[in-house]
Amino acid sequence: MHRFNPPPSWPEPPTATWRPPIGWEPDPEWPDAPAGWGFWLNRHGRKASGPIGAYGAVDAGRIELATADRSLLLMQN
């Protein structure tokens, strides 16, 4: 389970289990996160890559494959 880890200068999430929905962006008036900030923590409290497609996730770009136009995908038997 990943937990969202907002930077210290951002408001706390509404609940401990809150996750930004797909497409969520922080308020533009909030300050930038510190360089190299880990937006996601694993169950041990260590930096994690985060859920695919989630804000701040290291592997967020992979969501593009999951939403690719089916007519562009090749079928393999």
Side-chain angles (χ1 to χ4, degrees):
M1 178 79 177
H2 294 96
R3 183 172 61 84
F4 187 68
N5 181 38
S9 55
W10 289 11
E12 284 295 314
T15 67
T17 58
W18 182 85
R19 292 174 146 203
I22 300 297
W24 179 88
E25 293 287 331
D27 188 316
E29 294 185 13
W30 296 351
D32 290 337
W37 183 260
F39 286 98
W40 294 93
L41 302 175
N42 66 19
R43 63 183 173 174
H44 303 293
R46 296 185 187 121
K47 286 169 84 172
S49 60
I52 295 172
Y55 180 82
V58 172
D59 53 357
R62 292 194 316 181
I63 194 69
E64 293 174 19
L65 178 59
T67 59
D69 184 331
R70 289 179 183 243
S71 67
L72 300 175
L73 299 177
L74 299 175
M75 299 300 288
Q76 182 177 347
N77 291 331

Asks: Between side-chain atoms of residues 17-37 and protein atoms elsewhere (two or more places apart, or another chain), which donor-acceptor pairs fall under 3.5 Å?
Replies:
| from | atom 1 | to | atom 2 | distance (Å) |
| --- | --- | --- | --- | --- |
| Arg19 | NH2 | His2 | O | 3.4 |
| Asp27 | OD1 | Glu29 | N | 2.8 |
| Trp37 | NE1 | Asn5 | O | 2.8 |

Asks: Name all residues meeting the side chain to side chain contact (heavy atoms under 4.5 Å, CB included) criterion together with Arg43; count only those two or more places apart in sequence or in a different chain, and write none if there are none.
Replies: none
Asks: How close do Ser49 and Trp40 get, counting heavy atoms only, and between which atoms?
Replies: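 Here Ser49 and Trp40 meet closest at O-CD1, 4.2 Å.
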Asks: Measuring from Lys47:NZ to Leu41:CG, what's the distance to the nearest 0.5 Å?
Replies: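 The NZ atom of Lys47 sits 9.5 Å away from the CG atom of Leu41.
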Asks: Do the ring planes of Phe39 and Phe4 sit parallel (below 30°), tilted (30 to 60°) or perpendicular (above 60°)?
Replies: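 It falls in the parallel class, under 30°.
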